[in-house]
Amino acid sequence: MPRADSRDARPDAGRRPAPPDEAALVARVAAADRAAFEALYRAYYPRLRRFLERMTRRLPLVEEVLNDTMMVVWRRAHTYDRVSKVSTWIFAIAYRQALKALSRVDDAVPPADGDEAVPAHAQPESVLQREQWRAHLGQALGALSAEQRAVIELTYYNGYACREVAEIMGCPVDTVKTRMFYARRKLKTLLALNAEDAI
Amino acid sequence: MSGRVLRFEGAAHLEAERLLPWYVNGTLEGEELARIEQHLTECARCQRELTWQRELQAACAGAEAAADAGPALQRLRERLDAEPGGGRRPLFGELRRGWKGSRPWLRWAVAAQFAAVAALAGALAFQGRPALYRTLGAADKPPRAAGDLVVVFDPGLDEAAMRRLLRASGARIVDGPTETGAYVLDVPDGHETGALEALRAARGVVLVERLNADGGK
């Protein structure tokens, strides 16, 4: 079987121009260069916003967490050690800030009720079926924990390697694989329940 | 979610099952990639799983938020401007947080270090006191204490950066490092306060204090 994808085929790759030397930008931020900080902010705003929206599923929290994240970047830029990529360093901060914010509020996001359902494991064949499947998937994602949603987002959308996801989440690689395993199993169960309800 | 961490050693199928998400996103390399590709040629279940995960990936691939960063950035600018130091925390605050967040054994070690530094400072001050008796040829001015400040540099600070800091503050090392990395600095008369403030404001300095509480030599 041919290889599924190259690294460049990750969903968020290709759309984004090659980043400038982000490490140099962070070094300037460490020297209190506000222009460099704002350039970094603008570069990371879309992807952090999306990640935080998907992870927290609480829109009112997103900007607050995003700005808290960048505030930490501003204050702690001198601790960036160039061992990891700038993006994993910033996403790790965002992940921790999001967990902190969620711990202040109730993390239970009630799953939206849905009338429509499609078979879970069957592959959506028509455009309509695909849209329905995605709608149910969105609901099912809402029933996962924030950590599980983060693993899914960082892997399938941001295209990080398993080791990088572990670095962002501050946990061992086996824990990432375990979270992903349970997340997929739960998604399938929820989608299957939707399918049964529809019969 | 269960707190258990699953161990996936063993069967090729289980390994493939756990690694498929990173096969799908194209980040697998080397032997892991070769094993998955081999397994996929012979496992119908993993082929179905692969198709399902590609659907999942496609469903996750919606566009990033097209929202303008401007308003949020403006609010962050206001936050930065409103905070003292433009959002940079003063060194004392950093030290206090670091102290609170450190492990107990480390706090004890640092406390022991300060006790040693204090003892050293006391000994130096005692040596610097004028003698109770004086020879006829002795100068009027009492002998200087050897050192004005005690400083602890960040362990990560390199030697060149340390030299720059010392030059900038007009200080020179007259003793140290102690076992715990403290140095005693001598500063020209009248420049003690300036040197103290310069070192306190500098990155790479964990702690700096006067050896004499009254500020004199």
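- For the pair A:Arg50 and A:Tyr157, the distance from NZ or CZ to the six-membered ring centre is under 6.0 Å and the angle to the ring normal is within 45 degrees.
- Looking at residues two or more places apart in sequence or on another chain, you find no salt bridge (Lys or Arg N to Asp or Glu O under 4.0 Å) involving B:Glu78.
- For the ring-ring contact (aromatic ring centres under 6.0 Å, His included) test, residues two or more places apart in sequence or in another chain that qualify with A:Phe51 are A:Phe91.
- Interface summary for chain A: among B:Leu73, B:Ile36, B:Leu56, the most heavy-atom pairs under 4.5 angstrom belong to B:Leu73.
- For a residue to count as touching a neighbouring chain, one of its non-hydrogen atoms must lie under 4.5 Å from one of that chain's; by this rule B:Glu17 touches chain A with backbone and side chain alike.
- Comparing A:Arg184, A:Arg42, A:Glu153 by heavy-atom pairs within less than 4.5 Å of chain B, the highest count is held by A:Arg184.
- Here CG of B:Leu20 is found 12.0 Å from CZ of A:Phe181. Values are rounded to the nearest 0.5 Å.
- At a 4.5 Å heavy-atom cutoff, the contact between B:Leu19 and chain A is made by side-chain atoms alone.
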